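Note that this is a predicted model, so its numbers are computed, not measured. Proteins get letters first, then strands, A, B, ... in listed order; numbering begins at 1 in each.
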Number of protein chains: 2
Amino acid sequence: MSEQTFLVLTALADQPMHGYGIVSAAEELSGGRVRLRVGTLYGALDRLTADGLVEPDRDEVHQGRLRRYYRITDAGLSELVAEGSRREATARVALDRVRARRPRPDPGGSTA
Amino acid sequence: MSEQTFLVLTALADQPMHGYGIVSAAEELSGGRVRLRVGTLYGALDRLTADGLVEPDRDEVHQGRLRRYYRITDAGLSELVAEGSRREATARVALDRVRARRPRPDPGGSTA
DNA sequence: ACAGCACGTATCGGTCTGCGATATATATCG
DNA sequence: CGATATATATCGCAGACCGATACGTGCTGT
């Protein structure tokens with residue numbers, strides 16, 4: 001699962017949201033780092049829906065504009081926890097491995 | 001950066017390794033979850049090299065078989081730490097968001 | 001002796017995914 | 001009345017992963 005897809009699922013973990021709201025939430029959740037493109041969003045939403053991790057919630061009209069809400073499913077919640085745990089573990093292993101590096105012997109050169 | 005590429009970089013963080021060794025290390029680092037395919041490995045290695053995150057180290061002959069070693073660069077190390085931190089943060093945000101969910105009201109049905 | 005398997009490097013094509021561009025429509029602001 | 005923000009949706013390109021494939025050597029079992 002890509003980070004983009006992961007963020008979509010994360011956004012929906014709190015409450016049902018509509019497309020544009022998901023884009024905003026993903027940006028906020030990633031600390032402004034990830035700006036979801038609509039092309040990416042709808043592709044991800046389609047795939048998540050096909051996999052049963054997300055489902056359409058309701059349509060609302062807000063200030064004359066249609067808002068289509070999506071909702072995370074129980075399966076989606078489980079998958080989010082599983083994927084989140086995997087990601088946390090992998091990140092930790094990587095950071096630990098870097099920290100465990102002994103200062104490398106200076107290959108020499110200008111410093112000598 | 002995909003998890004596969006991330007694992008390649010993580011594997012090399014400890015010491016220079018050759019292709020097959022990276023595959024084994026990635027499998028171990030991911031707790032047996034990710035089995036890197038050679039097609040993936042060489043693609044990733046090419047990209048990482050092009051980006052200056054990894055570089056060829058040396059060629060060795062071990063029991064008549066060629067071993068081509070790769071080494072992580074300083075830039076690769078920095079990138080690994082940055083990516084690892086991002087991943088840790090994103091994972092934490094996701095898991096926190098799930099935990100913050102209040103038990104949803106039972107939508108009703110057979111239980112009623 | 002020889003077959004089969006593990007090790008080891010490398011390439012190719014298919015497929016999935018992300019993204020930029022584009023299209024459509026309405027409300028608001030200047 | 002035009003520009004901008006909100007909002008949904010599709011299309012085609014490019015990048016990345018992976019399965020298949022190819023090639024070669026050493027070790028092991030029969």
Q: Starting at atom CG of B:Leu41, determine the distance to atom P of D:dT21, rounded to an integer number of angstrom.
A: 20 Å

Q: In whole angstrom, give the distance that lies between atom CG of A:Asp51 and atom P of C:dC16.
A: 12 Å

Q) Would you say B:Glu28 has more than 12 foreign heavy atoms packed within less than 6.0 Å of its CD? A) no

Q: Please report, rounded to the nearest Å, how far the C1' atom of D:dT6 is from the OH atom of A:Tyr69.
A: 12 Å

Q.
So, OP1 or OP2 of D:dT25: does either fall under 4.0 Å of a side-chain N or O from B:Arg65?
A. no

Q. Which nucleotide in the set D:dC18, C:dT11, C:dC19 lies at the smallest distance from any side-chain heavy atom of B:Arg37?
A. D:dC18

**Q.** Gap between atoms CG and P, on B:Asp59 and C:dT9 respectively (whole Å)
**A.** 9 Å

Q. Reckon A:Tyr70 touches a base, only the sugar-phosphate, or nothing at all at heavy-atom distances under 4.0 Å?
A. sugar-phosphate

Q) Given that A:Met1 and A:Gly64 both sit by DNA chain C, which one's nearest nucleotide is further toward the 5' end? A) A:Met1

Q. OP1 or OP2 of C:dA6 sitting under 4.0 Å from any side-chain N/O of B:Gln63?
A. no

Please tabulate, for the side chains in residues 86-94 of chain B, all donor-acceptor contacts under 3.5 angstrom to protein atoms that are two or more places apart in sequence or on a different chain.
unit_1  : atom_1 : unit_2  : atom_2 : d
B:Arg86 : NE     : B:Glu83 : OE1    : 3.4
B:Arg86 : NH2    : B:Glu79 : OE2    : 3.1
B:Arg86 : NH2    : B:Glu83 : OE1    : 2.7
B:Arg87 : NE     : B:Glu83 : OE2    : 3.1
B:Arg87 : NH2    : B:Met1  : O      : 2.9
B:Thr90 : OG1    : A:Arg33 : NH2    : 3.4
B:Thr90 : OG1    : B:Arg86 : O      : 2.8

Q) Taking CG from A:Leu36 and C1' from D:dT8, how many angstroms apart are they, rounded to a whole number? A) 14 Å

Q: Measure the distance from OH on A:Tyr20 to P on C:dT26 and round it to the nearest whole Å.
A: 17 Å

Q) Going by heavy atoms in the side chains, are A:Arg101 and B:Leu77 under 4.5 Å from each other? A) yes

Q) Taking only side-chain nitrogens and oxygens of B:Arg67, does any of them come within less than 4.0 Å of OP1 or OP2 of C:dT9? A) no

Q. Within the structure shown, what part of the strands sits under 4.0 Å from A:Arg68 by heavy-atom distance: base, sugar-phosphate, or nothing?
A. sugar-phosphate

Q: Please state how far atom NE2 in A:His62 lies from atom P in D:dT6, giving the value in whole angstrom units.
A: 11 Å

Q: State, yes or no, whether a side-chain contact exists between B:Met17 and B:Ser24 at a heavy-atom distance under 4.5 Å.
A: no

Q) What is the nucleic acid contact for A:Gly43, judged by heavy atoms within less than 4.0 Å: base, sugar-phosphate only, or nothing? A) nothing

**Q.** Spacing of B:Tyr42 atom OH relative to D:dA20 atom P, expressed in whole Å
**A.** 18 Å

Q | A:Val38, nearest nucleotide to its side chain (from D:dC18, C:dT9, D:dA9) | A | D:dA9

Q.
Taking the side chain as everything from C-beta on, heavy atoms only, tell me whether B:Arg97 gets closer than 4.5 Å to A:Leu29.
A. yes

